[in-house]
**Q** 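Before we start, here is the structure in question, set down as structure tokens.
Quick caveat: nothing in here was measured; it's all calculated off a predicted structure.
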Amino acid sequence: MTMPLMRPKRKNPVLRTRQMNLPPWARGREALGITAAAAEGRFELQVCEECGTVQYPPRGACKHCLSIDLRWRPQSGEGELLSATTLHHSNDLFFRERLPWRLGMVRLDSGPSLMVHLHGEVGEAPQRVRVGARLDRAGQAVLIGFPFEGTAHMADDPMLREMTSDPKFRKVLVTDGKTPAGQALVRALVKAGADIVWVGHAEPWKQLGGLEDISALPQVTLVPLDLTNGRAVTELAGEIGGKVDIVINNAEVHRTFGIGARRGTDVARLEMDINYFGLLRLAQEFGPALKGRSADGTIGATAWVNLLSIYALSNFPPHGTFSASKAAAYSLAQCLRAEMRPAGIRVINVFPGPIDDEWNQHMPPPKLGPDALANAIVKALRDGVEDVYPGDVAQEWLQRWRDNPKVLERELATNGG
């Protein structure tokens with residue numbers, strides 16, 4: 001049984017902040033397939049298309065028939081724990097700071113045997129376990145053995161928390177609390193146990209419903225934040241940047257139409273100023289502070305979340321300039337992920353389908369509700385994934401984009417999806 005995580009004591013400000021030591025992250029090209037699947041919450045292994053052999057570790061050819069026709073396929077992860085051991089000493093700096101650490105050998109029902117990290121609720125061998133893939137602090141996939149029946153607090157396992165970004169007892173910045181999605185996100189974070197939620201709001205003269213309701217929550221503090229104003233972002237970073245553990249950038253400007261239906265560039269500039277340059281300003285000011293605190297105890301800085309759009313993958317002409325701004329933000333988020341990875345900060349990109357708001361009111365169902373979007377973001381933090389595609393439309397577009405991006409582009413240009 002996992003002991004519930006207790007609220008850590010306040011840090012002594014005189015003590016030096018500990019620096020992050022990443023786990024070993026050297027991987028061959030073949031092994032990146034496991035990482036790609038784990039980034040979206042799946043456990044996949046190589047399967048030979050010729051003889052059906054499931055193999056691990058990944059190779060360039062089938063170990064049984066030497067065929068190079070290998071495909072990554074989802075696995076159930078069910079298997080038998082053959083042996084287990086507990087490390088009390090390690091020469092690796094990352095593991096030395098986190099000992100003791102349990103490891104086990106598991107034989108999967110599909111065939112291969114593999115070494116895994118063991119969750120604290122897994123008992124001694126032999127017993128049935130379920131293997132899953134998670135991303136470690138270096139952003140590489142690792143395998144974890146889970147019990148079939150977990151307890152209510154199994155997410156508080158110290159080893160598992162190293163692989164996730166659970167908001168419990170952490171301090172979170174939500175950049176826009178004036179939208180229904182932003183307000184639903186604040187409520188979901190409070191429910192998930194966030195210690196403090198700073199909620200940004202621009203244009204305070206605008207009275208919008210719901211902001212007063214969330215500001216009444218004891219964990220919530222409203223802060224002025226206008227992502228078009230570099231000085232405002234700098235001032236807020238100077239005030240709370242050294243305390244924030246998770247940044248969630250949900251601020252966006254969404255307008256309809258493409259190129260020819262609207263004269264001038266004012267609307268497109270506004271979309272870019274918030275959706276792209278706003279992210280850039282935020283990353284420049286808050287990014288260094290997060291990287292400096294990534295190893296700051298059990299609730300150190302851990303994640304950065306970007307609310308993008310499924311339109312970032314392929315332009316949706318009825319929302320053409322918005323799609324372009326989100327595509328630019330997606331590219332920038334990939335750069336941010338690469339720069340944050342050496343510090344162990346996870347960058348999570350969220351690609352929702354059409355959200356049920358005023359800018360999608362003429363779009364037929366299915367549309368994604370604010371609560372569903374908020375729950376998907378909190379789940380992504382708890383599961384430690386990197387890419388999330390919430391909603392039926394997003395899942396369908398993703399599959400079509402992976403099958404053939406050019407066909408999807410033509411379909412969207414012909415009939416709008």
Side-chain angles (χ1 to χ4, degrees), residues 1-8 23 34 37-44 74-88 94-95 97-109 114-170 172 188-195 245-246 297-300 302-303 305 344 346 348 374-386 388:
M1 177 178 178
T2 304
M3 295 298 295
L5 180 68
M6 305 303 294
R7 185 184 301 276
I34 299 180
E40 296 180 9
R42 302 188 307 275
F43 171 42
E44 296 185 353
Q75 305 295 316
S76 69
E78 296 183 8
E80 186 82 11
L81 178 64
L82 302 178
S83 62
T85 187
T86 301
L87 297 181
H88 294 279
F94 178 85
F95 290 106
E97 297 172 349
R98 293 161 177 83
L99 296 174
W101 195 275
R102 295 187 70 211
L103 300 172
M105 178 66 72
V106 176
R107 182 175 60 231
L108 297 180
D109 294 344
L114 35 85
M115 184 73 72
V116 302
H117 304 288
L118 285 181
H119 189 279
E121 294 187 10
V122 174
E124 296 301 320
Q127 68 168 281
R128 298 286 295 174
V129 295
R130 175 177 53 84
V131 175
R134 294 291 189 274
L135 298 178
D136 63 13
R137 295 302 293 270
Q140 299 287 2
V142 294
L143 304 180
I144 301 177
F146 294 95
F148 267 89
E149 298 292 336
T151 64
H153 299 289
M154 68 178 300
D156 292 337
D157 180 75
M159 180 274 297
L160 189 58
R161 279 185 66 88
E162 289 289 342
M163 314 294 177
T164 65
S165 305
D166 197 319
K168 185 176 182 180
F169 294 147
R170 286 193 162 102
V172 187
L189 289 166
V190 170
K191 184 178 179 181
D195 194 40
D245 303 317
I246 300 172
T298 58
I299 56 170
T302 184
V305 182
R346 180 151 300 149
I348 301 172
N375 291 334
I377 292 175
V378 171
K379 185 177 186 299
L381 289 168
R382 285 174 165 167
D383 292 347
V385 300
E386 282 189 346
V388 190

**Q** Is there a donor-acceptor pair under 3.5 Å between the side chain of His119 and the backbone N or O of Met154?
**A** yes
**Q** Determine the minimum heavy-atom distance between Pro167 and Leu381, stating which atoms define it.
**A** CD-CB, 4.1 Å
**Q** What distance do Asn375 atom CG and Arg382 atom CZ have between them, rounded to the nearest 0.5 Å?
**A** 9.0 Å
**Q** Charged N to carboxylate O below 4.0 Å: is that the case for Lys168 and Asp156?
**A** yes
**Q** Specify the closest pair of heavy atoms between Asp157 and Gly120, including all atoms of both residues, with the distance to one decimal.
**A** OD1-N, 3.2 Å
**Q** Would Asp109 and Arg130 count as a salt bridge (charged side-chain N to carboxylate O under 4.0 Å, His left out) here? Give the steps.
**A** CA-CA 10 Å; Asp109 294 344; Arg130 175 177 53 84; over 6 Å; no
**Q** Using the six-membered ring wherever Trp is involved, compare the ring planes of Trp101 and Phe95 and label them parallel, tilted or perpendicular (cut-offs 30° and 60°).
**A** perpendicular
**Q** Between CD1 of Ile246 and OG1 of Thr302, what distance do you get to the nearest 0.5 Å?
**A** 6.0 Å
**Q** Between CD1 of Ile34 and CG of Leu143, what distance do you get to the nearest 0.5 Å?
**A** 6.0 Å
**Q** Drop me the distance from Ser76's OG to Leu108's CG, to the nearest 0.5 angstrom.
**A** 7.5 Å
**Q** Ignoring hydrogens, what is the shortest heavy-atom contact between Ala188 and Val378? Give both atom names and the distance.
**A** CB-CG2, 3.8 Å
**Q** I want to check something: taking the side chain as every heavy atom from C-beta on, are Ile144 and Val116 in contact at a cut-off of under 4.5 Å?
**A** no
**Q** Donor-acceptor pair, distance only, cut-off 3.5 Å: does the side chain of Glu121 make one with the backbone of Thr151?
**A** yes
**Q** Could you tell me the separation between the NE2 atom of His117 and the CG atom of Leu87, rounded to the nearest 0.5 Å?
**A** 10.0 Å
**Q** Does Glu124 have any salt bridge (Lys or Arg N to Asp or Glu O under 4.0 Å) partners at least two apart in sequence or in another chain, and if so, which?
**A** Arg102
**Q** Which heavy atom of Phe146 sits nearest a heavy atom of Val122, and at what distance?
**A** C-CG2, 3.7 Å
**Q** Cut-off 3.5 Å, no hydrogens considered: what does the side-chain donor-acceptor table look like for residues 132-141, sequence neighbours left out?
**A**
{"from": "Asp136", "atom 1": "OD1", "to": "Ala138", "atom 2": "N", "distance (Å)": "3.0"}
{"from": "Asp136", "atom 1": "OD1", "to": "Gly139", "atom 2": "N", "distance (Å)": "3.1"}
{"from": "Asp136", "atom 1": "OD1", "to": "Gln140", "atom 2": "N", "distance (Å)": "3.0"}
{"from": "Arg137", "atom 1": "NE", "to": "Gly344", "atom 2": "O", "distance (Å)": "3.1"}
{"from": "Arg137", "atom 1": "NH2", "to": "Ser294", "atom 2": "O", "distance (Å)": "3.0"}
{"from": "Arg137", "atom 1": "NH2", "to": "Gly344", "atom 2": "O", "distance (Å)": "3.3"}
{"from": "Gln140", "atom 1": "OE1", "to": "Thr35", "atom 2": "OG1", "distance (Å)": "3.3"}
{"from": "Gln140", "atom 1": "NE2", "to": "Trp25", "atom 2": "O", "distance (Å)": "3.4"}

**Q** Taking only residues two or more places apart in sequence, or in another chain, which ones meet Lys379 in a salt bridge (Lys or Arg N to Asp or Glu O under 4.0 Å)?
**A** Asp383
**Q** I'd like to know whether Met163 forms a side-chain contact (heavy atoms from CB on, under 4.5 Å) with Val142, so could you lay out the CA-CA distance, the side-chain angles of the two residues, the decisive distance to 0.1 Å, and finally the verdict.
**A** CA-CA 9 Å; Met163 314 294 177; Val142 294; 3.8 Å; yes
**Q** Tell me, please, which residues at least two apart from Pro8 pass side-chain contact (heavy atoms from CB on, under 4.5 Å).
**A** Phe169, Thr298, Ile299
**Q** What are the two closest heavy atoms between Leu103 and Leu118, and how far apart are they?
**A** O-CD1, 3.5 Å
**Q** Not counting sequence neighbours, which residues clear salt bridge (Lys or Arg N to Asp or Glu O under 4.0 Å) with Arg107? List them please.
**A** none
**Q** Would you say Met3 and His153 make side-chain contact, with heavy atoms under 4.5 Å?
**A** no
**Q** With no hydrogens and no angle check, is any side-chain donor or acceptor of Arg346 less than 3.5 Å from a backbone partner on Val385?
**A** no
**Q** Take Ile377 and Val388 through the side-chain contact (heavy atoms from CB on, under 4.5 Å) test and state the conclusion after the steps.
**A** CA-CA 8 Å; Ile377 292 175; Val388 190; over 6 Å; no
**Q** One pair to check against side-chain contact (heavy atoms from CB on, under 4.5 Å): Gln75 and Glu44. What are the steps and the verdict?
**A** CA-CA 5 Å; Gln75 305 295 316; Glu44 296 185 353; 5.7 Å; no
**Q** Just wondering, do Phe148 and Glu78 contact through their side chains at under 4.5 Å, heavy atoms?
**A** yes
**Q** Which heavy atom in Glu162 sits nearest to a heavy atom in Phe94, and how many Å separate them?
**A** OE1-CZ, 3.9 Å
**Q** Going by salt bridge (Lys or Arg N to Asp or Glu O under 4.0 Å), name the residues that satisfy it together with Arg170, two or more places apart in sequence or in a different chain.
**A** none
**Q** Walk me through it: do Arg161 and Asp166 pass the test side-chain contact (heavy atoms from CB on, under 4.5 Å)?
**A** CA-CA 7 Å; Arg161 279 185 66 88; Asp166 197 319; 3.7 Å; yes
